[in-house]
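Numbered from 1 within each chain, the chains take letters A, B, ... in sequence-line order.
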There are 2 protein chains.
Amino acid sequence: MSNESKGRPPTIYDVAALAGVSHQTVSRFVKGHTNIRPEIRDRVESAVKALDYKPNGAARALATSRGNRIGALVYELMEVGPNKIIHGASIRAREAGYLLDIVSLDPNDDAAIVQAIGLINQHDLAGVMVFAPTDRVIDAVGRVRFTVPVHVESDMPPQGSATPAANEVGAGMLMDHLAALGHRRFFQIAGPPDWPSARARAAAYDSALENLADTTTSAGTVHGDWTAASGYRAAMEMPLDAGVTALVVGNDQMALGALAALGERGVRVPNEVSVVGFDGIPESEFYRPSLTTIRLDLEGLGASAIDRLLSMGVEAAAPTPAVPAPPRLIVGHSTAAPGA
Amino acid sequence: MSNESKGRPPTIYDVAALAGVSHQTVSRFVKGHTNIRPEIRDRVESAVKALDYKPNGAARALATSRGNRIGALVYELMEVGPNKIIHGASIRAREAGYLLDIVSLDPNDDAAIVQAIGLINQHDLAGVMVFAPTDRVIDAVGRVRFTVPVHVESDMPPQGSATPAANEVGAGMLMDHLAALGHRRFFQIAGPPDWPSARARAAAYDSALENLADTTTSAGTVHGDWTAASGYRAAMEMPLDAGVTALVVGNDQMALGALAALGERGVRVPNEVSVVGFDGIPESEFYRPSLTTIRLDLEGLGASAIDRLLSMGVEAAAPTPAVPAPPRLIVGHSTAAPGA
DNA sequence: CGGGATCGAGTTACCGGTAACCTAGAGGGG
DNA sequence: CCCCTCTAGGTTACCGGTAACTCGATCCCG
């Protein structure tokens with residue numbers, strides 16, 4: 001499948017020799033320098049083409065001491081959410097001429113976290129992104145002396161960022177939707193408490209309850225681990241005699257588990273209990289009943305994270321910064337007025 | 001969040017100066033060379049620690065002309081499957097001291113494919129992996145002159161590989177399961193025909209029909225695009241008057257869509273029609289009815305792909321090559337004897 | 001006790017680019 | 001018409017490692 005010619009790949013010196021110019025002229029050409037006579041430019045251009053010259057990234061990185069890669073720390077649990085973020089980030093990074101170095105973290109193994117960070121912390125990176133981390137990861141990252149810009153995407157509004165986090169907004173939209181339908185008694189199945197994004201959603205749940213009519217109350221909150229299995233368990237143990245009519249779940253997978261559990265317990269959705277999820281994964285439309293949820297623009301989020309990272313470096317800011325689409329409420333058949 | 005000291009990060013020369021030795025000695029120490037006097041070794045070691053020295057990957061890559069990264073081309077559709085493969089590959093690569101450079105491909109844009117390949121090829125990589133590609137991607141990759149080993153993981157048994165592909169085995173297990181229950185009339189919703197893994201599964205479906213009792217027949221095959229929505233559409237249009245009792249679906253997401261469609265059409269699963277999926281994603285246990293499917297060890301697959309790639313290079317083969325677990329049949333409530 | 005093998009460490013060149021400096025002409029203004 | 005500036009391109013040094021070669025001190029053995 002692979003294919004080689006005689007020896008090493010061509011260098012600028014090879015190109016220079018073939019074109020009859022100095023290597024520096026080739027370097028200038030490759031970088032798109034303008035002050036080159038058309039005649040010389042043509043010679044270099046055809047030499048580049050003839051040799052199929054490709055610049056050596058390592059040499060460039062060494063000379064400029066500025067890498068062409070962005071390290072990305074991702075959580076081991078590669079659920080759908082983090083993935084889409086990575087995908088958006090990867091596309092965006094490539095547009096800016098960078099490659100994404102991904103390192104999967106095992107969240108339960110501190111040593112592995114440290115090792116992974118050590119691996120990523122070589123000097124040839126343009127920056128480091130930390131995606132959807134847990135507190136433990138944030139901690140570990142915070143203790144490391146990085147030599148490059150680091151951006152931690154924690155889903156929490158960082159140091160007074162202007163745009164409110166999508167998590168808060170989305171959770172608020174769900175609560176408004178449920179309240180408008182007439183629900184007054186809620187129960188929450190939240191994500192793991194050491195995930196900032198789970199906390200953000202849970203906090204929005206709490207504050208929505210406070211801001212809504214004071215007759216709205218919560219029958220409690222339990223924490224799952226994002227998986228459908230944990231949502232199932234939580235919903236199996238959820239009190240049914242507390243008058244709860246609305247179940248707020250931290251993501252769509254757990255909501256799927258909850259739907260299954262409620263079905264087994266003979267609770268009809270949405271007639272007796274309404275269920276909402278979070279993330280808006282494509283599958284949620286095909287759950288039965290189809291899920292009311294919040295669609296997040298996760299790819300946009302990943303892209304904008306890259307933009308923010310790049311703007312931290314000397315790099316000129318992206319011409320058109322990516323702006324994630326705002327969270328959108330998807331209304332399915334899992335919500336209805338209580339007792340409909 | 002980041003943290004800097006005075007200037008550039010320390011180099012071997014800094015360490016050498018502090019330890020009072022030559023830079024070469026430091027280099028030897030870092031590489032774990034044995035022939036160093038204990039006294040000198042200690043001096044170097046403490047100097048390394050004092051300066052928090054980390055080798056510069058770019059310089060090393062330049063000097064050895066051997067990168068410490070593996071490029072990974074992944075399909076844009078980051079469904080659950082490809083993801084887990086990537087995750088497994090990433091872990092394995094890190095164990096071997098490599099980082100994974102991931103490049104997401106837009107499958108519909110040939111120019112983007114070429115550009116992505118160009119990007120990955122111009123950088124200094126130890127090798128390139130191509131995961132779960134479509135024919136189009138395989139084609140594009142095949143035309144490129146790579147300077148490093150390339151491994152294409154196409155889910156098809158390559159040049160007579162000894163281990164039969166998991167896809168064939170798994171699909172066969174599903175067919176056996178259905179046949180043993182007494183099903184004779186099948187229908188298939190396959191993945192996109194330009195995906196080798198989809199073709200492998202479909203081919204196994206066909207050959208199983210041939211090998212089973214000659215009374216078993218197929219009422220047809222349609223192709224989806226791996227998404228739940230496409231599974232839904234396909235199942236909505238599937239003929240119901242052809243006596244089909246078994247619906248074989250190319251992955252779990254499409255199977256979810258098919259379950260929803262059958263529900264809407266008033267077809268009871270599994271009483272009237274049995275449904276099987278493929279992949280064994282965790283959520284499939286919580287579909288209603290829970291899905292009979294094949295659990296693939298995708299992470300193991302990714303890891304072994306990395307092993308194979310590394311063994312193509314000069315690199316000594318991994319001490320303990322990763323062996324993916326064999327496909328496993330997960331029996332849910334979506335299958336039963338026909339007319340049960 | 002002398003000569004070759006071995007060991008530990010230093011010296012130097014080189015990987016393939018970029019940056020800074022330098023130079024020979026061309027062009028322009030007083 | 002001369003001097004200055006600007007332009008196009010070449011020269012040289014350097015980024016931070018590794019590899020190859022060198023050299024003095026031991027060590028071993030005949």
Side-chain angles (χ1 to χ4, degrees), chain A residues 7-45 47-48 51-69 97 121-126 147-148 314, chain B residues 7-45 47-48 51-69 97 121-126 147-148 314:
Chain A
R8 303 272 148 255
T11 72
I12 43 173
Y13 294 95
D14 300 324
V15 176
L18 182 60
V21 298
S22 80
H23 69 277
Q24 187 53 252
T25 302
V26 178
S27 174
R28 289 196 254 259
F29 169 81
V30 170
K31 285 191 297 179
H33 220 276
T34 52
N35 293 341
I36 306 181
R37 258 188 303 153
E39 180 210 331
I40 301 273
R41 164 178 296 274
D42 289 347
R43 290 222 308 272
V44 174
E45 184 163 12
V48 164
L51 266 48
D52 190 25
Y53 166 75
K54 303 266 188 261
N56 178 320
R60 180 176 290 172
L62 178 58
T64 58
S65 60
R66 223 164 156 296
N68 32 237
R69 277 146 167 125
N121 191 21
Q122 302 190 332
H123 317 289
D124 49 350
L125 293 176
T147 56
V148 294
V314 194
Chain B
R8 303 273 148 251
T11 71
I12 42 172
Y13 294 93
D14 300 324
V15 176
L18 181 60
V21 298
S22 81
H23 69 276
Q24 188 54 253
T25 301
V26 178
S27 174
R28 289 196 254 260
F29 169 80
V30 170
K31 283 192 297 179
H33 219 279
T34 51
N35 291 342
I36 307 181
R37 259 189 300 154
E39 179 210 330
I40 301 274
R41 165 178 295 274
D42 289 347
R43 289 223 307 270
V44 175
E45 183 164 11
V48 165
L51 265 48
D52 190 26
Y53 165 77
K54 304 261 188 270
N56 179 322
R60 179 176 293 171
L62 178 59
T64 59
S65 60
R66 230 171 147 288
N68 33 236
R69 274 141 170 129
N121 197 24
Q122 88 177 188
H123 293 78
D124 44 309
L125 299 170
T147 54
V148 294
V314 194

**Q** Which part of the nucleic acid, if any, lies within contact of Ser22(A), taking any heavy atom under 4.0 Å across all strands shown: a base, the sugar-phosphate backbone alone, or nothing?
**A**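 Base: the residue Ser22(A), judged by heavy atoms under 4.0 Å, touches a nucleobase.
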**Q** For Ala58(B) and for Lys31(B), locate the closest nucleotide of DNA chain D by heavy-atom distance; then report the residue assigned to the nucleotide nearer the 5' terminus.
**A**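 The residue closer to the strand's 5' end, by nearest nucleotide, is Ala58(B).
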**Q** For a quick test of reading the model, state the closest non-hydrogen atom pair linking Ala61(B) to Gly67(B) and the distance between them.
**A**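 Minimum heavy-atom separation between Ala61(B) and Gly67(B): CB-CA, 4.2 Å.
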**Q** Looking at Arg43(A) and Ala19(A), would you say the former's side chain and the latter's main chain have a donor-acceptor pair under 3.5 Å?
**A**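 Yes.
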**Q** Rounded to the Å, how far apart are Gln24(A) CD and dG9(D) P?
**A**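 Rounding to the nearest Å, CD of Gln24(A) and P of dG9(D) are 12 Å apart.
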**Q** Val30(B) near the nucleic acid: base, sugar-phosphate alone, or nothing, with a heavy-atom cut-off under 4.0 Å?
**A**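 It contacts nothing in the nucleic acid.
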**Q** Do the side chain of Asp14(B) and the main chain of Thr11(B) share a donor and acceptor less than 3.5 angstrom apart?
**A**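 Indeed, once roles are kept as given, a pair shorter than 3.5 Å links the two residues.
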**Q** Would you mind reading off the distance between His23(B) atom NE2 and dT12(C) atom C1', rounded to a whole angstrom?
**A**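 Answer to the nearest Å: 8 Å.
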**Q** Would you say the side chain of Val30(B) lies within less than 4.5 Å of the side chain of Tyr53(B), judging by non-hydrogen atoms?
**A**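 A side-chain contact exists here, since the closest heavy-atom pair is under 4.5 Å.
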**Q** For Asn35(A) and dT5(D), what is the distance between atoms CG and P respectively, to the nearest whole Å?
**A**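 Computing the Asn35(A):CG to dT5(D):P distance gives 19 Å.
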**Q** Whole Å only: how far is the CZ atom of Arg28(B) from the C1' atom of dG17(D)?
**A**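 Spelled out: CZ on Arg28(B) to C1' on dG17(D) is 13 Å.
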**Q** Does OP1 or OP2 of dT18(D) have a side-chain N or O of Ser27(B) closer than 4.0 Å?
**A**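 The answer is yes; a side-chain N or O of Ser27(B) sits under 4.0 Å from OP1 or OP2.
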**Q** Nearest-nucleotide wise, let me know which of Val21(B) and Val26(A) is further upstream toward the 5' end of DNA chain C.
**A**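 Here Val21(B) is the residue nearer the 5' end.
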**Q** Between Arg60(A) (CZ) and dG16(D) (C1'), how many Å, whole number?
**A**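 So the CZ-C1' distance, Arg60(A) to dG16(D), works out to 18 Å.
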**Q** Taking the nucleotide of DNA chain C with the nearest heavy atom to each, does Ala59(A) or Thr25(B) sit closer to the 5' end?
**A**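 First, find each residue's nearest nucleotide; the 5'-ward one identifies Thr25(B).
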**Q** For dG9(D), does either OP1 or OP2 sit under 4.0 Å from a side-chain N or O belonging to Arg37(A)?
**A**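 Looking at the OP1 and OP2 atoms of dG9(D), one of them is under 4.0 Å from a side-chain N or O of Arg37(A).
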**Q** In whole Å, I'd like the distance from the CZ atom of Phe29(B) to the P atom of dG16(D).
**A**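 These atoms are roughly 20 Å apart.
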**Q** Could you give the CG-to-P distance, from Asn56(A) to dC14(C), as a whole number of Å?
**A**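 From Asn56(A) CG to dC14(C) P: 18 Å.
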**Q** Answer with yes or no whether Tyr13(B) presents, from its side chain, a donor or acceptor under 3.5 Å of a partner atom in the base of dG16(D).
**A**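 Between dG16(D) and Tyr13(B), which were checked side chain against base, a qualifying N/O pair under 3.5 Å is absent.
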**Q** If the cut-off is 4.0 Å, is Tyr53(B) near the phosphate of dG17(D), judged by side-chain N/O to OP1 or OP2?
**A**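 True: Tyr53(B) side-chain N/O within range (under 4.0 Å) of dG17(D) OP1/OP2.
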**Q** Rounded to the nearest Å, what distance is computed from the CD1 atom of residue Ile36(A) to the P atom of nucleotide dC6(D)?
**A**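 Rounding to the nearest Å, CD1 of Ile36(A) and P of dC6(D) are 20 Å apart.
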**Q** Just do the salt bridge (charged side-chain N to carboxylate O under 4.0 Å, His left out) check on Arg41(B) and Glu45(B) with the steps written out, would you?
**A** CA-CA 6 Å; Arg41(B) 165 178 295 274; Glu45(B) 183 164 11; 5.8 Å; no
